[in-house]
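FYI, the numbering just counts along the sequence from 1.
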Amino acid sequence: MNKQIENIVLSPAQQEAYEGLLNGSAAGDVLVLMARPGSGRTTIMRKLHEALGGAFLAIRDFMHSLSARRPEAIEEAFLQMMEQALAHQQTVIVDDLHVVTRVVEACEYPRALLFDAALTAILGEAAGMRKKLIFAIDDEVPWPLARRAFTRKVAEFAVEDYAALCRSFLGEAANGFDFDQIHRFAPALTAGQLRSACRWLSHAGTVDTAAIVEYLRSHYMTGNVELQEVQRVSWTDLKGVDGVIRELEAKVALPFENDALRAELGLKPKRGVLLAGPPGTGKTTIGRALAHRLKGKFFLIDGTMVAGKWDFQDKIEKVFSAAKRNRAGSRFHRRCRRHLRG
């Protein structure tokens, strides 16, 4: 296991988070790593464990502790697992804490805030024993930790991270990739998504920039409306909005489509466009044209989704969550057409 971990090459963002925690462990007794799913959270924690030693606790260890109790005895199982580890180790590293907190923070959970009490007790016990606790989580830090812990976060991956990760997955075969183009097309990929793309391309036998972009387009871009269902419109069909077209052409379409000119002029494509105006001024038509121009994905929120529906908020949230995930394929268009009154 240790040899395998030593051979893992961390990307710059992962390395920065790792070094931050490693340096922070010299001064602090409670540390937290925040990292979105797929950004290498467990890999960083494993390398930290290799450097610091101690106990490494994952969800499997928690489930083993819970198996000896009633299923609802989550706090007791977690507390016992931590106490046993603290009794024998100077440092205790806990991976994927969010898996437990999501259960106890669910609105149906009958023992609200009890896990916070258990966590507070663990922190107090560790402090009294002068021992270190390191937690990994992918979202909001529980308040007992937030007010005591030194926190590091894995930053969004940049071009350099894409390059380091792809080369670790593909070796020299990735040297021909245009990582700037890949990152520009899909600026929010996770390490897991890059790994899947590289493995698939290696298996398929075609390893180049065009192949990986097409893989990302087909696997990580989804919409709730298929592009072929959207009325085809081009710039030439639009009348009276010449200024808007020039702005979209210069700030969105051209930087995506002309790599040479983009590099020469230092252009950076806009990641979002807000079209505002009274009904009938062509906002939806412009959206259709832009979606077809960039071969984007389409998201539709119309009046039928929100009118008279008790669960409309949940439905809208799901649509916008899907749209955010499509940052892993940034050429998407989201169309919102709202018919709200009052």
> Contact between Leu114 and Asp116 at the side-chain level, heavy atoms closer than 4.5 Å - yes or no?
no

> For Val100 versus Ile59, what's the shortest heavy-atom pair and its separation?
CG2-CD1, 4.1 Å

> Short question: side chain of His49, backbone of Ile93 - any donor-acceptor pair under 3.5 Å?
no

> Work out which heavy atom in Glu75 is nearest to a heavy atom in Glu72; give both atom names and the distance.
OE1-O, 4.1 Å

> For Leu31 versus Gly24, what's the shortest heavy-atom pair and its separation?
CD2-C, 3.6 Å

> How about NZ on Lys131, more than 12 heavy atoms from neighbouring residues, nucleotides or ligands closer than 6.0 Å, or not?
yes

> Using the salt bridge (Lys or Arg N to Asp or Glu O under 4.0 Å) rule, collect all pairs that involve residues 55-67, keeping only residues at least two apart or in two chains.
none

> At what distance, to the nearest 0.5 angstrom, does CG of Leu97 lie from CE of Met34?
11.5 Å

> Could you tell me if the side chain of Met82 sits less than 4.5 Å from the side chain of Leu133, heavy atoms only?
yes

> Any salt bridge linking Arg111 with Glu76? Criterion: basic side-chain nitrogen under 4.0 Å from a carboxylate oxygen.
yes

> Anything under 30° is parallel, anything over 60° is perpendicular, the rest tilted; go ahead and classify Phe157 against Tyr162.
perpendicular

> Can you see which heavy atom on Gly40 is nearest to which on Gln14, and at what distance?
CA-NE2, 3.6 Å

> What verdict does the side chain to side chain contact (heavy atoms under 4.5 Å, CB included) test give for Val94 and Met45, after you've listed the backbone C-alpha separation in whole Å, the side-chain angles of each residue and the deciding distance to 0.1 Å?
CA-CA 8 Å; Val94 182; Met45 296 296 276; over 6 Å; no

> Drop me the distance from Gln80's CD to Leu66's CG, to the nearest 0.5 angstrom.
10.5 Å

> Rounded at 0.5 Å granularity, tell me how far NE2 in His98 sits from CZ in Phe135.
14.0 Å

> Checking Glu247 side chain against Val244 main chain: does a donor-acceptor pair fall under 3.5 Å?
no

> Drop me the distance from Phe78's CZ to Thr101's OG1, to the nearest 0.5 angstrom.
9.5 Å

> Salt bridge check, Asp242 against Arg246: does any charged N sit closer than 4.0 Å to a carboxylate O?
no

> Counting neighbours of CD on Glu140 that are heavy atoms of other residues, nucleotides or ligands and sit closer than 6.0 Å, is the number greater than 12?
no

> Can Leu123 be reached from Leu113 by stepping across I, L, V, M, F, W or Y side chains whose heavy atoms are under 4.5 Å apart?
no

> Let's go through Leu201 and Leu170 carefully: what are the C-alpha distance in whole Å and the side-chain angles of both, what is the deciding distance for side chain to side chain contact (heavy atoms under 4.5 Å, CB included) to 0.1 Å, and is it a yes or a no?
CA-CA 9 Å; Leu201 295 178; Leu170 288 174; 5.6 Å; no

> For Arg148 and Thr120, what are the C-alpha separation, side-chain angles and deciding distance, and is it a side chain to side chain contact (heavy atoms under 4.5 Å, CB included)?
CA-CA 10 Å; Arg148 303 190 189 193; Thr120 300; 3.8 Å; yes

> OH of Tyr215 to SG of Cys198: how many Å apart, nearest 0.5 Å?
9.5 Å

> Distance-only, no hydrogens or angles: does the Lys132 side chain make a donor-acceptor pair with backbone N or O of Gly28 under 3.5 Å?
yes

> For Met63, is the CE atom crowded, meaning more than 12 foreign heavy atoms sit under 6.0 Å from it?
no

> Is the cationic atom of Arg46 (NZ for Lys, CZ for Arg) positioned less than 6.0 Å from the six-membered ring centroid of Phe56 and within 45 degrees of its normal?
yes

> So does Phe62 get a backbone contact from the side chain of Ser65, meaning a donor-acceptor N/O pair under 3.5 Å?
no

> Do you know the tightest heavy-atom contact between Leu79 and Ala118?
CD1-O, 4.0 Å

> Kindly check if the number of other-residue, nucleotide or ligand heavy atoms within 6.0 Å of CD (Gln15) is above 12?
yes

> Looking at side-chain heavy atoms only, is the closest gap between Val30 and Phe150 below 4.5 Å?
no

> What orientation do His203 and Trp200 show, parallel under 30°, tilted 30 to 60°, or perpendicular over 60°?
tilted

> Would a distance-only check, ignoring hydrogens and angles, find a side-chain to backbone donor-acceptor pair under 3.5 Å from Thr209 to Asp178?
yes

> If you take all heavy atoms of Pro142 and Ile137, which pair is closest and at what distance?
CD-CD1, 3.6 Å

> Is any side-chain heavy atom of Ile134 less than 4.5 Å from a side-chain heavy atom of Leu33?
no

> Would Val99 and Ile122 show up in the same hydrophobic cluster when neighbours are defined by side-chain heavy atoms closer than 4.5 Å?
yes

> Find out if a path of hydrophobic residues (ILVMFWY) with successive side-chain heavy-atom gaps under 4.5 Å connects Trp143 to Val104.
no

> Shared ILVMFWY cluster between Val141 and Val103, side chains joined below 4.5 angstrom?
yes

> Under the criterion side chain to side chain donor-acceptor pair (under 3.5 Å), I'd like the reasoning laid out for Asp161 against Ser11: C-alpha separation, chi angles, the key distance, then a yes or no.
CA-CA 5 Å; Asp161 296 286; Ser11 77; 2.8 Å; yes

> Please collect all salt bridge (Lys or Arg N to Asp or Glu O under 4.0 Å) contacts where either partner lies in residues 88-104, sequence neighbours excluded, each pair once.
Arg41-Asp95, Arg41-Asp96, Arg102-Asp138, Arg102-Asp139

> Look up atom OG in Ser39 and atom CG in Leu194, then write down how far apart they are to the nearest 0.5 Å.
11.5 Å

> Can Arg152 and Glu19 be counted as an ion pair, charged N to O under 4.0 angstrom?
no

